[in-house]
Q: 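Once you've had a glance at the structure underneath, I'll fire off some questions.
Order of the sequence lines sets the chain letters (A, B, ...), proteins ahead of strands, with each chain counted from 1. Note that the structure is a prediction, hence the values are computed from the model and not measured.
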Protein chains: 2
Amino acid sequence: MVEKQLKDRIIETALTLFEKYGYHGVTVDRIVAECGASKGGFYHNFKSKDELLYHIHDVFITYVLNKAQEAYVKYKTPTKRLCAIIRSFVRVFHIYKPHITVFNQEAAYLKPEYAEKINEKREQYKQIIFQVLREGIEAKQFRTEVPVEIAGLSIIGMVNWMYKWYKPDGPMSIEQIATAFNDLILHSLLTEEAKRDEDISSFLLSHVGDE
Amino acid sequence: MVEKQLKDRIIETALTLFEKYGYHGVTVDRIVAECGASKGGFYHNFKSKDELLYHIHDVFITYVLNKAQEAYVKYKTPTKRLCAIIRSFVRVFHIYKPHITVFNQEAAYLKPEYAEKINEKREQYKQIIFQVLREGIEAKQFRTEVPVEIAGLSIIGMVNWMYKWYKPDGPMSIEQIATAFNDLILHSLLTEEAKRDEDISSFLLSHVGDE
DNA sequence: GCGTACAGACCAACTAGTCGGTTTGCTATC
DNA sequence: GATAGCAAACCGACTAGTTGGTCTGTACGC
């Protein structure tokens, strides 16, 4: 086990500072001072401050997109898939809260060439959610009246908004929060028949998606 | 009717620019150039660029807080109150989308003395939502299992997230969006008995809150 | 003639990025 | 296993451009 590389130290320090002061509230000098590095060390590892911002965005979106794809493949019914995706989404906040804060706050400042790459993955993520919702309606598990786009964006919004309030040492564990979200979302989507179906409604307050 | 005052022109121009490029992506010089004013004119109306940012925050949060309080007073049952508050919240996006974008993106950059004032109102807004949810559970209209804080923050999150996707000229009208939100939210909150209650469930796909 | 509203040249501070130089670690060679 | 050679990693003083904010001056209403 080697000691932590400079690049990682820079990212970690930058993340902590960005989360607290925002991307524009932190200078490169401050980052390198805080982690005992130098201007040269920084620009040896990153082409620019913008590239660091991109890197942070990419780590998070790549991770969460993979998790969603895994969950989609692992489960076969719309309800299970949705619950598993949401749970994986919520869980990311436990590990990547600073990344997500930066992701949600500073995306507007990504340079076009970087923004394009990120938006592509962001779009993919959205489409997975939409897809599962459509499948759920098709399979008569979700109500037909549910507008797929609004519902999908609501789910993404309510989970993403966690970056404004989630504290890792808060009164509720990340698993409890995920369960609460799933319960709320399923209640808003499931048909009455689906709720009566033991196999489907059993996931209402359970931990679908636990590994 | 006098011609539009410089202060308003500055705010309007700044809003358009901030929404597109972010607070830090727009210089004071750019703002005054774009609206045919001067540095002197700007600093005659605002103490600093930060004060302009505060002003934008304050206009929005004050407006939306008032609307929520009005809705609370106007209706007497938890379900009606919640629907009316949500509808008023959604409607704001039609008028104040640029304000809200700035509000949600740049709050981190407010100077402490300004941030404190804004956070106070933000907190009040949250408490109104929590209060209505508690009343709804108390009155057996909402399910007892619903965790007030999570549900409240989810509602705030899903509506606020609109700033990322809402387009005034999109396929759905603002009223349709509000109705869709209310439908989703009520389904996730209402008890089975409340859903069967004609007087309560009638608001599921109706326009409670229309003036 | 006096205060309010605005103009625009000017300044001082800050900050991303550069560049010549030094250290570190690895490898080939004897 | 000592050493020479070399490239990648890293350092930090310096720079050029940018930007929020100031200051003196002017026009105008009362």
Q: Assess whether a salt bridge exists between Arg30(A) and Glu34(A), defined as any Lys/Arg side-chain N lying under 4.0 Å from an Asp/Glu carboxylate O.
A: yes

Q: Of all nucleotides in DNA chain D with an atom under 4.0 Å from a non-hydrogen atom of chain A, which is the first and which the last going 5' to 3'?
A: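 In short, chain A contacts DNA chain D from dA9(D) to dA13(D).
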
Q: Nearest whole angstrom, please: distance from the P of dC14(C) to the CZ of Arg30(A).
A: 14 Å

Q: Between Thr179(A) and Arg87(A), is any side-chain donor less than 3.5 angstrom from a side-chain acceptor?
A: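 On atom types as modelled, these side chains qualify, holding a pair under 3.5 Å.
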
Q: Between the side chains of His94(B) and Tyr166(B), does any donor sit under 3.5 Å from an acceptor?
A: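 Yes.
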
Q: Can you measure Asp8(B) atom CG to dC6(C) atom P for me and round it to whole angstrom units?
A: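 The distance from CG of Asp8(B) to P of dC6(C) comes to 11 Å, rounded to the nearest Å.
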
Q: Atom CG of Leu6(A) and atom C1' of dT23(C): how far apart are they, to the nearest Å?
A: 14 Å

Q: Is it the case that the side chains of Tyr72(A) and Glu135(A) hold a donor-acceptor pair, with the cut-off being a distance below 3.5 Å and no angle test?
A: yes

Q: What nucleotide among dG17(C), dG8(C), dA7(C) has an atom nearest to a side-chain atom of Lys49(A)?
A: dG17(C)

Q: Is it true that the side chains of Tyr63(B) and His99(B) contain a donor and an acceptor less than 3.5 Å apart?
A: no

Q: Where each residue is assigned the nucleotide of DNA chain C containing its nearest heavy atom, which of Ala37(B) and Tyr23(A) is assigned the position nearer the 5′ end?
A: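 By nearest-heavy-atom nucleotide position, the 5'-most residue is Ala37(B).
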
Q: When the nearest nucleotide of DNA chain D is assigned to Asp29(A) and to Asn45(A) on a heavy-atom basis, which residue is associated with the more 5' position?
A: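 By nearest-heavy-atom nucleotide position, the 5'-most residue is Asn45(A).
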
Q: What is the nucleic acid contact for Val26(B), judged by heavy atoms within less than 4.0 Å: base, sugar-phosphate only, or nothing?
A: sugar-phosphate

Q: Give the rounded distance in Å between these two atoms: CD of Gln5(B) and C1' of dT4(C).
A: 12 Å

Q: Whole-Å distance between dA16(C) P and Asp50(A) CG?
A: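 Nearest whole value for this atom pair: 10 Å.
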
Q: Given that Lys39(A) and His44(A) both sit by DNA chain D, which one's nearest nucleotide is further toward the 5' end?
A: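 Its nearest nucleotide lies further toward 5', so the answer is His44(A).
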
Q: For Gln127(B) and Glu123(B), test the side chains for any donor-to-acceptor distance below 3.5 angstrom and give the result as yes or no.
A: yes

